[in-house]
2 protein chains.
Amino acid sequence: MSKPATIRDVAAAAGISIAVVSRVLNDGSGPVAPATRQRVMKAIEELSYRPRTAARELKSGPTTTLGLLLADVTNPFFARLADSIVREARSRGVHVILMTTQEDARLEEDALDTLAARRVGGVIATPTSTNAESWLRLIDLGTNIVFVDRYVEGVSRADLVSIDNDRSAREATEHLLDLGHTRIGFISGPLSTTTGRARTEGHLATLAERGVATDPQLLRNIPFRGDQGADATGSLLNLPTPPTAIIVANTAQVAASVRRIRQSSVRVPEDLSLIVFDDNPWTELFTPSLTIMRQPTTLMAAHSVDLALQRIGDDSERRTIVIEAEFVVRSSTRTAG
Amino acid sequence: MSKPATIRDVAAAAGISIAVVSRVLNDGSGPVAPATRQRVMKAIEELSYRPRTAARELKSGPTTTLGLLLADVTNPFFARLADSIVREARSRGVHVILMTTQEDARLEEDALDTLAARRVGGVIATPTSTNAESWLRLIDLGTNIVFVDRYVEGVSRADLVSIDNDRSAREATEHLLDLGHTRIGFISGPLSTTTGRARTEGHLATLAERGVATDPQLLRNIPFRGDQGADATGSLLNLPTPPTAIIVANTAQVAASVRRIRQSSVRVPEDLSLIVFDDNPWTELFTPSLTIMRQPTTLMAAHSVDLALQRIGDDSERRTIVIEAEFVVRSSTRTAG
DNA sequence: CCCCCCAGTGTAATCGATTCCACTTTGTTC
DNA sequence: GAACAAAGTGGAATCGATTACACTGGGGGG
């Protein structure tokens, strides 16, 4: 009800100056007599005083807050990433401001503005836009950026944590080739995103190396948001010569794709082998349990936070941390019939 | 690289005083000559100046930031809630700081402290602790609280947005009774949480009203986090006289429960009817597609943000908004026997 | 022709912390 | 016993914005 106490109120209550109170607050910033410290602590307790972050940040820029800019928390991959990052950050005494872009470049720009105004210590982001300019502006302000999963070309002086998208696409493709499949449907993200492009290239390169003909009809690069996963899958199944296997390398579209397959008369894995890029409990619950490519989110989170906090004050070039994706073979893939 | 521009730099560049620059920044706070405004805008652009939030908040308390304190973003229900709330808040020009408690009372206390230090305008939360004190302290500081889904008893002067837990449990129970089931397993949250208690009571009351004997063995109140969902489900299935139907009213434990059922030899819905409290795409993908109780997250989000922002400056008693849950009958429930 | 009002601008106080520096009071060391 | 170091404390500047208030000119009403 009454106005919150300030440092001056505490000082008055303890019969001491505000400088000393501040020293008690920031332990180690100067000497304080034990008796005085006691009195100050008591006053703080009684007034239930909490130093105001806004005032603190005004003096010394905040190393204490990280911005987390995700495309979409609804996507379980990002949700787990968010969870891990928040936990990881807290264990280091750092707070996280979460913002989402909904895969919309304008909203992203908005969010970056906010983060810039807040002068956060660092930003961990899965970028949406291809527009390097807004990122560079933020970097110029002294913010350090860590891209996770995807990145923006042209923005050096930003770190990167990612799985090896190229390699994971290769691995999935090789698995199917080994099983004798040659007509493989491949659903991935837009070629404008780094993940979409790298995975598609890895897939195509593997086919080429194995001397398997590539059919452009089998390739689907679709957006992360929206419902095109169902359509893309449906059109693959309805091809004159349909694929005998499908890789869904667009994490956000896995559910829509699987739903579409389930509604069709196609049986998995008898008629169709299926690999999805997703790390989600339900892939195991599905009938048949799905073969997946898993991205180790906890590890990615730890590295991201590390980089975001380390780089402060540093000015070196981009550092890239590549994390192995884990390929889990379950029951949705089998020898081509 | 160079230090970010301040309002003084802008004023100097435009050949004007800082007061006028501030007026340009906060449109409507005072008269500015059109020509002057132009020059100021130009200077802002050239210096890529962004007013610093910390400084702004120091003067006038921030109506512009909301705290969101969730138990667990990994839980899809909370993830969708977070997504909707962030979106909803942004459309009102408000930012959201997300923090998670991992269902841990100490972490929650921590988070509340941070939020208090930040003097956020409001907090939307799914409380974990039963400890009213920390909440009351935050309220005393002038923060207004909106509880979602669960609430803490003894904290009036905080709003509440929730589905009718009692009623939804009744509805699910009645559906099964109508199908002829009389031995119904009921898995819910801890009785220390309001949702766990209300759902359990609703379930028991319905049984009583219909004259069905209640067997304590069929009741399982388990934590939200952790793995007890599997054990609870397993022990229900292994009872001497196992239930012919199960309601999983603990959203966080749905996946674990379903996995356990799937690993057993029990067939759904032939041997066991199943209702889960969850609103998640995969419940439709599961074989058989699951009958669910859905909580309309978008609506809950809209109301929460509304309340959080409205109450500012208001001092009335708690307002409660109850939202209808949506019961979706699919293929996992059928006539008993 | 005088006065009042208002558009347009500037000065300075203010928000709540941190921190540099100066000052006093002890205790230590030749 | 003089000199000096270190502990403990306080005064005041500072961070970057907002805003109350004072000031100046010029136009319009009386």
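Looking at the side chain of A:K59, the nearest of the listed nucleotides D:dG8, C:dG10, C:dG16 is C:dG16. Closest to the side chain of B:P34, out of C:dC15, C:dG8, C:dG16, is C:dG8.
Partners of B:F78 according to the ring-ring contact (aromatic ring centres under 6.0 Å, His included) rule, which considers only residues two or more places apart in sequence or in another chain, do not exist here.
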Write out a two-atom table: protein N or O, nucleotide N or O from nucleotides 23-26 of chain D, distance below 3.5 Å.
none

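With rounding to whole Å, B:I7 atom CD1 is found 6 Å from D:dA17 atom P. In this structure, OH of A:Y49 is placed 7 Å from C1' of C:dA17, rounded to the nearest angstrom. Per the geometry, CG belonging to A:L58 stands 13 Å off C1' belonging to D:dA13, to the nearest Å.
Heavy atoms of B:P51 sit under 4.0 angstrom from primed sugar atoms or phosphate atoms, though from no base atom. Residue contacts for B:I18: at a heavy-atom cut-off of 4.0 Å it reaches a base atom on one of the strands shown. Residue A:A33 is in sugar-phosphate contact alone, with no base atom involved, counting any heavy-atom pair closer than 4.0 Å across all strands shown.
A side-chain donor-acceptor contact under 3.5 Å links B:T65 and A:R118.
Dashed line: the shortest gap from a side-chain N or O of A:T36 to OP1 or OP2 of D:dT9 is under 4.0 Å. Within the 4.0 Å cut-off from OP1 or OP2 of D:dT18, at least one side-chain nitrogen or oxygen of B:R56 is found. Look at B:S17 and you'll find a side-chain N or O under 4.0 angstrom from OP1 or OP2 of C:dG10. Note on B:S22: a side-chain N or O is less than 4.0 Å away from OP1 or OP2 of D:dT18.
Between the side chain of A:R39 and the backbone N or O of A:A14 there is at least one donor-acceptor pair closer than 3.5 Å. In terms of modelled atom types and a separation under 3.5 Å, the side chain of A:T143 and the main chain of A:L138 share a donor-acceptor contact.
More than 12 heavy atoms of other residues, nucleotides or ligands sit less than 6.0 Å from atom CZ of B:R92.
Comparing A:V20 and B:R39 by the nucleotide of DNA chain C whose heavy atom lies nearest to each, the residue mapping closer to the 5' end is B:R39. Both A:V32 and A:R119 lie close to DNA chain D; mapped to their nearest nucleotides by heavy-atom distance, the more 5′-ward contact belongs to A:V32.
When each of B:L160, B:D159, B:V161 is tested with B:H303 by the rule side-chain contact (heavy atoms from CB on, under 4.5 Å), just one qualifies, namely B:V161. Residue B:V32 forms a side-chain contact (heavy atoms from CB on, under 4.5 Å) with just one option from B:V21, B:D27, B:V20, B:V40, and that option is B:V20.
Counting distance only, with no hydrogens placed and no angle test, the side-chain atoms of B:R50 and the base atoms of D:dG16 include no donor-acceptor pair under 3.5 Å.
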